[in-house]
Amino acid sequence: MSVRPLCGVEVPALTARMARASNPQGTTAMWVRDHLDGLWRDEDFASWYPRDGRPGLSPAQLATVCVLQFLLNLSDRQAAEAVRCRIDFKYALALELDDPGFHHSVLTDFRDRILDGDRADELLDLALSRMKEAGLVTERGRQRTDSTYVLAAARDLTRLELVTEAVRAGLEILARDTPHLLDDLVDEEWALRYGRPVRLGGQPTRPQTRLKQAGTDAYLLLQHVADGDGPPLEALRQIFLQNFLLDTSGRPRPRTEQDGLPPGLLRIVSPYDLQARWARRGDTRWTGYLIHVTETCEDDTVNLVTDVATTLPTNDKQALPDIHARLEQRGLLPDEHLADGGYISVALLDRAAREHQVTLIGPVPKNNSRQQREQAGFSLEDFTIDFDRRQVTCPKGKVSSSWLEPPAQAPYCVVKFDRRYCGPCPDREQCTRSREPRSGRTVTFLPRHLYERQVANHGEQHDEQWRRAYASRSGVEGTVGELVNAHQARDCRYRGLAKTHLQHVLTAIAVNIERLAAREPPKRHQPRQPTIFQRYLDNRGFPRPVWWRGGR
């Protein structure tokens, strides 16, 4: 397929007249055409297609349909039907009223083309650039970020169900591509075990025996494929390695805690989605991913989503540098970036200011020492640090005996006190609980430039002006709720991290369009007309209250 750009596309006169007559106030789809000229142009997608080949459908129109699809929570069939039947869709796509549209499978092919080169972020880049050209979003303002969990499109499986279903999925692949390889392996017992999808009750019979049998079958199947020339069964191989070991006789046995199980971030939970992971935050447990949403939060302007990231359920701090890198590429870096404590660290505060000139606003976590947790004894805050003299003074006035700095003790400075001072100290129990009675206290802290940032941040958290500025961060939780509740962003439509990210990108563009379309100048308040009895009272000259509280 190739692209034949349609230059100077205008809405047909009959389509425009019918759309205006049936929707005098306009719709969101019509707003896209009126204010953003369709949001995309075919020239924007020229690099996605080869130069030769049969001309295909307009990629700009298909991208617009995908956004409107997620705006209205439509399936592929419903979106294709809307293109055929809805006048406002034809107006947004500049189609004739009798245009038959396209088959719904075209949307699947177009999404696959986007995923082929990880072009989901490019789609968001193009949309934001058009909004930036229209003056709807600017650089060096104020933005905020938050995250929430995303449920993968996969069923929660027990360990027995996971291995059994992985074997069945491998058999499905071989039966599709190389069925002759199964002739010497599959018998009646295999047909009974894997002839249908795995559905086990809460307490299956003989779970350990069945798990060993599934592991043996998986091992035989992997060996059989390796001996022949079959397709690679990567999912089955990884699941087998994570759940089984070979004993001394060369037979597989299930892994135990003593053998070592893979951590949650690496453990595969479904043979159909190898990137989904089991995770826990507080009381929330889920299988899937994380979505990080960044939006503007300027006063008297529409808040627009400037970045959306779909990641594995890792620490939020790992996502922040990539967010800043993408915002810099789009020319939308903020001057102030608000985030909760999960995104904040002293190193990230310094890195954002040094590399991007971004003021990261958020609470740096407090010192996690034993004294700080128990609120008893001498913590780091009770010691006086003199970076110029390279010494630390304890609360009792004793000076440290040694000082080690990075890179020797990266990333912290390590200071030790002489045991001659700490051993006979009457407050030793409040300072250290070392088993060696004569050992001295050891204090660790960040290098000077990071330590000063940490102290300054802890002081700012008690400032009322800082608190008022940081209070606007909570507004992004409403945006996250809008994505989750109004557009089902938490429930993955597709399997895989890349497809889920594309879903979130299209949803974010849809939310931006919806917010911009809803921005209307405030209507002048029309006073309520008096009732018949009130007019009777006015005609007779009787006084009456004009305010519901009884006032005049």
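- Proximity of R281 to W286: side-chain heavy atoms (C-beta onward) are separated by under 4.5 Å at one or more points.
- More than 12 heavy atoms of other residues, nucleotides or ligands sit less than 6.0 Å from atom CZ of R155.
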Check against salt bridge (charged side-chain N to carboxylate O under 4.0 Å, His left out), D156 and R285: CA-CA 12 Å; D156 291 335; R285 296 172 174 83; over 6 Å; no
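- Looking at heavy atoms from C-beta onward, M131 lies in side-chain contact with L516 at the 4.5 angstrom threshold.
- Between the CZ atom in R490 and the CG atom in L151 there is a gap of 6.5 Å [rounded to 0.5 Å].
- Between the side chain of N73 and the backbone N or O of A486, at least one donor-acceptor pair lies under 3.5 Å.
- A ring-centre distance under 6.0 Å is not found for Y343 and H337.
- K90 has no carboxylate O lying under 4.0 Å from a charged side-chain N of E96, or vice versa, which leaves the two without a salt bridge.
- With sequence neighbours left out, E81 forms a salt bridge (charged side-chain N to carboxylate O under 4.0 Å, His left out) with no residue at all.
- Inter-residue side-chain proximity for L333 and E139 is flagged as met; some heavy-atom pair is nearer than 4.5 Å.
- Listed by first then second residue, pairs satisfying ring-ring contact (aromatic ring centres under 6.0 Å, His included) with a partner in residues 99-118 number zero, not counting sequence neighbours.
- Results of the side chain to side chain contact (heavy atoms under 4.5 Å, CB included) test with D44 over L39, L126, L123 single out L126 as the only residue that passes.
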Worked verdict on F240 versus L233 for side-chain contact (heavy atoms from CB on, under 4.5 Å): CA-CA 11 Å; F240 178 81; L233 305 179; over 6 Å; no
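- In this view, R351 and E355 satisfy the salt bridge (charged side-chain N to carboxylate O under 4.0 Å, His left out) rule, not counting sequence neighbours.
- No hydrogens or angles considered: a donor-acceptor pair under 3.5 Å links the side chains of Y194 and D217.
- If you check the side chains of Y272 and E165, you find a donor sitting under 3.5 Å from an acceptor.
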For L136 and L36, what are the C-alpha separation, side-chain angles and deciding distance, and is it a side-chain contact (heavy atoms from CB on, under 4.5 Å)? CA-CA 10 Å; L136 302 175; L36 297 178; 4.2 Å; yes
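- Of the listed residues (L62, D99, L93), just one forms a side chain to side chain contact (heavy atoms under 4.5 Å, CB included) with V83, and that residue is L93.
- At a threshold of 4.5 Å between non-hydrogen side-chain atoms, the residues T479 and R515 count as touching.
- Using a 4.5 Å heavy-atom threshold, the side chains of N243 and P254 count as separate.
- Contact of the V358 side chain with the P334 side chain is registered, since non-hydrogen atoms from C-beta on lie closer than 4.5 Å.
- No donor-acceptor contact under 3.5 angstrom links the side chains of S75 and R77, judged on distance only.
- Within a 6.0 Å sphere centred on CZ of R354, other residues, nucleotides and ligands contribute more than 12 heavy atoms.
- Taking the six-membered ring for Trp and thresholds of 30 and 60 degrees, W31 and H35 have nearly parallel ring planes, at less than 30 degrees apart.
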